[in-house]
**Student:** 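Submitted below is the structure of interest, expressed as structure tokens.
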Amino acid sequence: MSDLMSEAVSLMAVGMGFVFVFLAILVGVTTLMSKLVNKYAPAPEPKVSAAAPQMNATSNDAQLLAVLSAAVEKYRSDHKK
Amino acid sequence: MSDLMSEAVSLMAVGMGFVFVFLAILVGVTTLMSKLVNKYAPAPEPKVSAAAPQMNATSNDAQLLAVLSAAVEKYRSDHKK
Amino acid sequence: MSDLMSEAVSLMAVGMGFVFVFLAILVGVTTLMSKLVNKYAPAPEPKVSAAAPQMNATSNDAQLLAVLSAAVEKYRSDHKK
Amino acid sequence: MENILNLWTGSGFYNITGGQVTMIVVCLFLLYLAIRKGFEPLLLVPIGFGGVLANIPEAGLALTAAENAIHFHKPEVMAAMAEVLKVPFDVGQEITKETLAAFKDAYKTADHSTVYQAAHVAADAGYANGMLANFYSVIIGSTVGPLLIFLGVGAMTDFGPLLANPKTILLGAAAQFGIFGTVLGAALMTSAGIMDFTIYEAAAIGIIGGADGPTSIYVASVLAPHLLGAIAVAAYSYMALVPVLQPPIMNALTTAEERKIKMVQLRPVNQLEKILFPIAVLILVALFLPDAAPLLGMFCLGNLMKECGVVDRLSDTAQNALINVVTIFLGLSVGSKLGADKFLDLQTLGILILGMVAFGVGTGTGVLMAKLMNVFSTQKINPLIGSAGVSAVPMAARVSNKVGLDNNSQNFLLMHAMGPNVAGVIGSAVAAGVMIKFLGG
Amino acid sequence: MENILNLWTGSGFYNITGGQVTMIVVCLFLLYLAIRKGFEPLLLVPIGFGGVLANIPEAGLALTAAENAIHFHKPEVMAAMAEVLKVPFDVGQEITKETLAAFKDAYKTADHSTVYQAAHVAADAGYANGMLANFYSVIIGSTVGPLLIFLGVGAMTDFGPLLANPKTILLGAAAQFGIFGTVLGAALMTSAGIMDFTIYEAAAIGIIGGADGPTSIYVASVLAPHLLGAIAVAAYSYMALVPVLQPPIMNALTTAEERKIKMVQLRPVNQLEKILFPIAVLILVALFLPDAAPLLGMFCLGNLMKECGVVDRLSDTAQNALINVVTIFLGLSVGSKLGADKFLDLQTLGILILGMVAFGVGTGTGVLMAKLMNVFSTQKINPLIGSAGVSAVPMAARVSNKVGLDNNSQNFLLMHAMGPNVAGVIGSAVAAGVMIKFLGG
Amino acid sequence: MENILNLWTGSGFYNITGGQVTMIVVCLFLLYLAIRKGFEPLLLVPIGFGGVLANIPEAGLALTAAENAIHFHKPEVMAAMAEVLKVPFDVGQEITKETLAAFKDAYKTADHSTVYQAAHVAADAGYANGMLANFYSVIIGSTVGPLLIFLGVGAMTDFGPLLANPKTILLGAAAQFGIFGTVLGAALMTSAGIMDFTIYEAAAIGIIGGADGPTSIYVASVLAPHLLGAIAVAAYSYMALVPVLQPPIMNALTTAEERKIKMVQLRPVNQLEKILFPIAVLILVALFLPDAAPLLGMFCLGNLMKECGVVDRLSDTAQNALINVVTIFLGLSVGSKLGADKFLDLQTLGILILGMVAFGVGTGTGVLMAKLMNVFSTQKINPLIGSAGVSAVPMAARVSNKVGLDNNSQNFLLMHAMGPNVAGVIGSAVAAGVMIKFLGG
Ligand code: NA
Ligand code: NA
Ligand code: NA
């Protein structure tokens with residue numbers, strides 16, 4: 001077997017072996033982590049993401065609502081009579 | 001004529017000559033290209049640009065429409081009675 | 001007094017002195033500037049910012065108004081009868 | 001007069017080579033595929049355009065200053081260059097093709113100090129790096145480009161489906177057979193005398209099977225930079241061809257019954273699980289494979305920024321402005337490696353063939369792994385989601401879904417396939433780390 | 001077989017040191033504080049993550065190419081390196097810890113030419129700069145990172161409240177006592193033999209009292225780069241702790257009556273005043289303290305872009321895309337200085353203690369200055385706004401407001417506190433300039 | 001005490017020169033024009049601000065590390081520098097103005113290796129590149145800045161009007177007479193002994209007539225970097241003055257009847273034509289003028305990204321985040337060339353005069369070309385659109401429209417003028433390529 005072939009074979013053996021071992025450990029760690037989380041901290045309020053909404057989004061919405069309310073207000077007052 | 005003057009004159013001759021030749025060829029190529037396009041592929045559906053609309057724009061519009069419909073809905077229901 | 005201590009003391013003296021002098025001058029310059037501005041150019045129309053609004057904002061608002069008017073128009077025509 | 005002559009002898013028409021014409025046509029074809037056929041346009045538009053630029057005769061956009069100086073070979077510059085590069089040269093000497101080749105070879109094999117000195121000589125003579133050469137060295141040479149793409153991809157990835165059913169990670173592992181099988185294939189072709197690849201080149205080609213653009217570019221830039229153009233083009237083209245390449249293999253390896261297996265709905269996943277997952281991956285990388293740390297580190301950082309919910313500004317930028325800017329430059333940099341001399345080579349043909357083999361093998365082993373898992377487990381997996389383990393996110397998962405629907409119009413596999421799909425990204429980054437450790441260390 | 005061994009001896013498990021484990025835990029704790037406790041997450045998420053990356057064994061992400069070459073110390077590479085660094089070394093010689101230390105020391109103290117040559121030797125041997133080392137040199141080594149953050153901060157700052165009541169600028173001056181008092185504290189600790197700081201280190205630590213992240217990083221990178229990690233972590237942590245650290249001091253130094261002082265409403269400020277203010281600051285800097293020009297120049301440019309109203313595109317980009325991109329890289333770069341060897345040192349403990357002292361002293365002197373001003377002026381200032389002079393924008397101003405409301409639920413101090421708050425930014429940049437002039441010149 | 005003296009002798013007040021005061025006033029005037037008069041504020045705000053920064057005494061923001069070391073001329077540093085630069089110098093020797101001038105000259109004319117060595121000496125002595133010097137070398141020295149602006153401009157350009165009436169391209173050709181006529185003017189002034197310009201300087205000045213900021217900066221950075229500041233300021237100022245400069249010339253060269261010519265409405269243009277146009281331009285560049293490839297290549301890439309419709313993310317980023325970031329740095333970099341020693345020179349006066357001539361000549365030849373074309377063609381062109389051929393997009397086209405409306409309130413020329421307007425961009429990039437080929441090759 002040529003040198004290149006033997007290198008390729010051992011790269012395959014080591015590589016696939018390592019990929020499988022690594023991902024198998026990941027399966028284990030993930031499963032364990034999920035169990036612990038769902039046992040000790042089940043479904044916490046999604047407080048974190050609510051607490052720090054993206055600034056731009058907020059201000060855009062604010063502008064939007066401002067323009068919108070103004071428009072609706074005007075429409076209302078036009079139709080009042 | 002000084003060396004600088006002769007250089008400037010020949011730069012002008014070569015430069016303007018080249019600009020005109022280049023842009024004249026561009027006129028020709030463009031005209032030909034347009035003719036071929038309008039003959040063999042006239043006014044294709046603007047499918048390409050429709051297929052990949054800008055993500056942000058879409059989601060903004062979506063938000064906009066959501067808020068808008070909510071507002072109009074509310075207005076409608078308020079006035080129903 | 002050790003060398004380090006004397007360096008620290010003189011850094012403090014020079015540093016705080018400079019910070020105070022600099023910011024005191026800034027108080028003076030700012031006060032003077034404000035007086036001059038309010039005397040010679042009182043409350044100019046906010047022309048500058050109005051003249052060059054942010055392009056994106058404009059086009060967003062334009063879109064917004066377009067959608068909005070369409071919605072209100074539709075609503076009006078629906079309710080006309 | 002002399003100047004007009006100068007314009008003519010310096011024009012493209014006068015200097016263009018057949019190879020350059022061919023490559024420009026190839027690159028225009030890439031643009032056609034990207035724009036009209038929708039082949040991964042975000043990358044292939046800049047790659048194709050960069051390829052055209054790289055092949056403009058006399059512009060030297062993809063050459064360094066020293067390479068440009070050698071290309072124009074003024075006698076006095078060559079004399080100075082000869083001294084630096086230690087090439088035998090007399091100023092009066094005629095400059096033949098062989099002389100130029102000797103200079104180019106000496107430059108390619110020079111050590112870093114010499115390269116710097118050659119750059120100084122060229123700069124003193126008024127030559128500068130070509131635009132694309134600068135982009136390449138900043139974006140790919142430094143490896144920062146692929147890493148930032150990975151940061152953005154991480155910020156766009158949802159590990160929810162994977163967390164809901166972690167054992168599907170193993171499908172993402174199995175699909176990496178495509179990578180290593182291809183390395184073996186390249187070695188076989190070399191042994192058979194059909195091609196001539198080193199183990200470095202074979203490894204860089206194999207990574208095409210990872211079906212991940214930035215991983216391919218990263219590995220190729222480390223192990224075989226001269227093949228980077230062909231490898232990146234193959235990787236992105238085959239990723240675009242996933243809907244064509246995968247279904248026949250998936251159908252061939254499964255029975256109609258297997259394809260109709262219905263999977264139980266995924267459980268909802270807790271926010272905290274999503275936050276802890278990238279950290280867990282990072283720690284495993286730190287413990288087991290430091291060489292995968294740059295790629296998986298940036299990937300996990302992007303994902304953490306997305307999931308933690310407190311740095312949405314940063315996550316947003318990583319997914320938009322930053323990744324877009326890097327994509328433009330990365331594409332142009334890859335294009336710079338599409339020069340005629342590098343691309344029009346028998347090796348490119350080998351890369352194209354082996355790349356397709358890599359995709360096929362990865363698809364097949366993913367499907368077979370799912371069948372194997374069904375032997376040992378009671379909760380059956382639809383083997384169609386195994387093919388998604390090659391990555392090519394999210395195209396491969398969509399293909400699983402589509403083939404599933406073809407067999408049972410009520411069986412939606414998309415979310416089930418997303419698990420192995422994103423696991424495949426991690427899997428090929430791990431494979432990349434192993435290869436670099438094994439061959440680079 | 002050798003390769004498998006290679007994977008094992010090259011893995012994290014085999015190589016990890018106690019220090020690295022400790023630092024990874026510390027960095028995970030920083031991530032916890034950032035994500036769950038909301039401690040300045042925009043910076044502490046990338047810093048914490050970068051710190052984990054920097055401590056991955058064998059990955060060398062925070063090391064330069066030459067440092068990596070020394071770490072792996074192959075005999076033939078060490079021989080070449082020895083020649084460049086002028087370290088006595090025989091190729092056959094056993095490489096002990098002492099030998100390695102000699103190489104590391106020689107590299108640290110080498111002049112710039114030698115550093116370049118060492119880099120060439122390492123590159124020829126196949127070593128490259130770690131990812132984080134590259135980020136650090138581009139973003140912090142060049143000082144561009146903190147400057148661009150300042151550009152963005154300038155574009156977000158409203159000087160309206162300051163212009164409406166300019167004498168509150170003096171509160172921002174007084175709070176800088178925290179900086180210089182801490183320098184004195186560090187010197188005292190050294191004189192007492194408890195710690196061992198040079199004047200450069202003392203100054204870099206003092207700047208934590210400026211309560212301004214980018215200023216701290218800028219000064220530390222110039223005066224004491226080896227302490228940068230600890231200084232940045234302390235600065236951002238204490239900024240996050242402002243709501244906890246300040247109120248007791250504010251209450252202790254004021255009477256209930258003083259805390260109830262109502263301030264007159266601020267006058268509206270003219271657009272032109274806002275445009276002229278950054279220009280006035282720039283000219284004062286040019287005349288009085290050129291060394292503060294980079295920091296305050298970028299700050300004023302950002303503010304001018306915001307206020308002038310004709311370049312909103314640029315101002316917008318400075319506040320969003322640009323600052324976000326720089327924040328990611330800046331955080332990772334700071335993280336690169338959280339290596340075990342640099343952080344796990346008695347000095348770090350001193351930095352953490354002194355940093356807290358700095359915040360406390362600055363808070364106190366700000367409050368006392370307000371009381372002093374009330375002695376001489378008829379228009380009374382509520383001394384609670386003095387504490388905002390430390391900067392920590394806008395957190396410190398919010399704290400002033402909150403403590404004010406606790407004492408009088410109708411007394412809104414927020415806008416009044418914004419004046420000293422932004423003055424504090426200018427004040428600490430001036431202090432930074434003085435320190436660099438005094439010690440660097 | 002010594003330190004306080006140090007602060008005073010190192011302050012701006014103590015060191016400022018008359019030239020610096022003048023330049024700061026000039027730059028503040030540029031800011032005034034930009035902010036109050038709306039003169040191309042996107043560029044002139046950062047340019048003006050950068051100009052102020054560059055003239056801050058002792059800050060050395062626009063100087064390299066070596067220039068800063070020479071400026072502060074400590075004896076031991078000068079001794080090391082003398083050895084590198086091969087300037088005769090004894091350590092004990094008094095350092096006079098002449099000595100400093102000798103060092104500066106030697107540095108300016110040194111070859112690249114020497115410049116690097118001088119940088120090492122300066123760095124060893126603790127000097128660093130000024131902030132603006134770094135920006136200049138990264139953004140303009142590498143030419144990447146103007147190229148990225150061109151990418152963004154390409155992504156904003158609509159070639160529809162040009163494609164609907166391709167012969168108006170010739171108007172964009174004619175207007176380039178402004179460029180070459182100005183070169184001739186500069187040569188004439190030199191021959192007459194009024195000024196003293198080399199052919200490189202004359203060419204760099206002429207390009208102002210191209211009425212394209214990035215093209216001017218690109219050419220000036222290649223042919224005459226020392227004039228870059230004045231050239232860029234002139235280019236952007238005159239572009240802002242187009243509504244004032246052009247109408248008198250347009251009215252003088254046309255009859256009222258000609259100005260009333262109505263043009264037929266433009267035909268609608270097919271999407272495919274718009275996609276193929278940038279590719280056609282690219283191929284023509286490849287064939288005829290490789291030296292224009294960087295500028296026109298990036299321009300065409302931007303336009304292709306816009307028109308192809310499949311990479312809107314990239315096109316969007318090129319038009320927004322990327323171009324905005326580059327604009328900030330490009331402006332500051334140009335500002336770095338507004339140092340008193342470079343700007344306050346008779347040459348600047350010549351540049352300002354010749355720049356205005358360039359605009360005038362270009363406007364005139366554009367108009368005359370339209371009249372000439374009307375002689376040979378039956379479908380008449382309104383000669384007012386000829387002036388738009390100078391580029392200055394879209395200002396010049398708006399001027400054509402406005403002057404048209406002044407003569408016939410129903411005659412909307414805007415869309416007709418956009419054709420020559422964008423052709424002028426291509427025309428001046430071609431002219432830039434010819435100049436670089438002719439003079440640089
Ligand atoms: Na993969
Ligand atoms: Na402060
Ligand atoms: Na032009």
Side-chain angles (χ1 to χ4, degrees), chain E residues 110-117 138 141-144 147-148 151 155 222 272 275-276 278-279 282-298 300-302 304-305 307-318 320-322 324-326 433-434 437-441, chain F residues 3-4 6-8 10-16 20 24 28 31 34-36 38-39 41-46 48-50 52-53 55-61 65 72 116-117 119-124 126 128-132 134-135 138 317 320-325 327-329 331-332:
Chain E
D111 64 16
H112 283 72
S113 292
T114 308
V115 167
Y116 269 76
Q117 287 172 44
V138 172
S142 72
T143 76
V144 79
L147 297 177
L148 292 181
L151 180 78
V222 174
L272 185 56
I275 296 176
L276 290 178
I279 295 175
L282 176 68
I283 290 172
L284 288 182
V285 167
L287 292 181
F288 296 112
L289 192 61
D291 292 85
L295 271 179
L296 281 174
M298 292 308 265
C300 291
L301 173 57
L304 179 64
M305 294 198 312
E307 297 297 356
C308 74
V310 292
V311 293
D312 288 350
R313 290 178 66 111
L314 303 185
S315 158
D316 228 58
T317 298
N320 293 294
L322 186 55
N324 291 345
V325 168
V326 174
V434 175
K437 175 87 209 159
F438 195 90
L439 299 173
Chain F
N3 292 309
I4 296 174
N6 201 9
L7 263 173
W8 169 239
S11 78
F13 251 153
Y14 186 85
N15 290 284
I16 205 160
Q20 287 168 330
I24 288 177
L28 292 177
L31 287 176
I35 294 172
R36 286 279 137 167
F39 271 38
L42 290 175
L43 261 297
L44 284 187
V45 166
F49 204 94
V52 175
L53 291 176
N55 284 287
I56 295 182
E58 304 298 287
L61 294 181
F72 290 107
Y116 268 76
Q117 287 172 46
H120 287 318
V121 167
D124 287 338
N129 287 338
M131 175 182 81
L132 297 177
N134 276 334
F135 291 171
V138 172
T317 298
N320 293 293
L322 185 55
I323 200 172
N324 291 344
V325 168
T327 300
I328 294 172
F329 288 113
L332 289 171

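Here the structure is a predicted model, which means the values were calculated and not measured. In what follows, every chain begins at residue 1, and chains take the letters A, B, ... in the order their sequences are listed. Hydrogens, waters and symmetry mates are skipped; everything else that's a heavy atom, side chains included, is used.
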**Student:** Could you pull out all residues at least two apart from H112(E) that satisfy ring-ring contact (aromatic ring centres under 6.0 Å, His included)?
**Tutor:** none
**Student:** Minimum heavy-atom separation for I56(F) and A293(E), please, with both atom names.
**Tutor:** CD1-CB, 3.8 Å
**Student:** Identify which part of T143(E) has an atom lying under 4.5 Å from any heavy atom of chain F, answering side chain, backbone, both or neither.
**Tutor:** neither
**Student:** Can you name the nearest heavy-atom pair linking S142(E) to N134(F), along with the distance?
**Tutor:**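 Answer, listing the atom of S142(E) first, then N134(F): O-ND2, 4.3 Å.
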**Student:** Testing V311(E), I275(E), L272(E) for side-chain contact (heavy atoms from CB on, under 4.5 Å) with I35(F), which one passes?
**Tutor:**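 Of the listed options, the one satisfying the test is I275(E).
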**Student:** Of all of A123(F), A321(F), A128(F), which one pairs up most often with chain E through heavy atoms under 4.5 Å apart?
**Tutor:**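 Looking at each option in turn, the highest pair count goes to A123(F).
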**Student:** Between I323(F), I24(F), D124(F), which has the largest tally of heavy atom pairs under 4.5 Å with chain E?
**Tutor:**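 So the answer, after comparing I323(F), I24(F), D124(F), is D124(F).
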**Student:** Starting from the C-alpha separation in whole Å, work towards a yes-or-no answer on side-chain contact (heavy atoms from CB on, under 4.5 Å) for L53(F) and L282(E).
**Tutor:** CA-CA 8 Å; L53(F) 291 176; L282(E) 176 68; 3.7 Å; yes
**Student:** Which one of Y116(F), F49(F), F13(F) has the most heavy-atom pairs closer than 4.5 Å to chain E?
**Tutor:**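 It is F49(F).
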**Student:** Could you tell me which residues satisfy ring-ring contact (aromatic ring centres under 6.0 Å, His included) with F329(F), sequence neighbours excluded, listed by chain and number?
**Tutor:**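 F135(F).
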**Student:** Is L314(E) close to L42(F) at the side-chain level, that is, under 4.5 Å between some pair of heavy atoms?
**Tutor:**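 Yes; the side chains approach each other to less than 4.5 Å.
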**Student:** Which bit of V325(E) comes within less than 4.5 Å of chain F, counting heavy atoms only: side chain, backbone, both or neither?
**Tutor:**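 For V325(E), there is no contact with chain F at all, as no heavy atom is under 4.5 Å.
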**Student:** Under the side-chain contact (heavy atoms from CB on, under 4.5 Å) test against I328(F), which residue among R313(E), M298(E), M305(E) passes?
**Tutor:** M305(E)
**Student:** Does some side-chain heavy atom of L31(F) sit less than 4.5 Å from a side-chain heavy atom of L304(E)?
**Tutor:**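 Touching, per the 4.5 Å side-chain cut-off.
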**Student:** For each of T317(E), D111(E), L148(E), L301(E), tally heavy-atom pairs with chain F at distances under 4.5 Å, and name the one with the top tally.
**Tutor:** L301(E)
**Student:** Quick one: CG on L28(F) to CD1 on I283(E), what's the gap to the nearest 0.5 Å?
**Tutor:** 5.0 Å
**Student:** Under a 4.5 Å heavy-atom cut-off, does chain F meet the side chain of A286(E), its backbone, both or neither?
**Tutor:** both
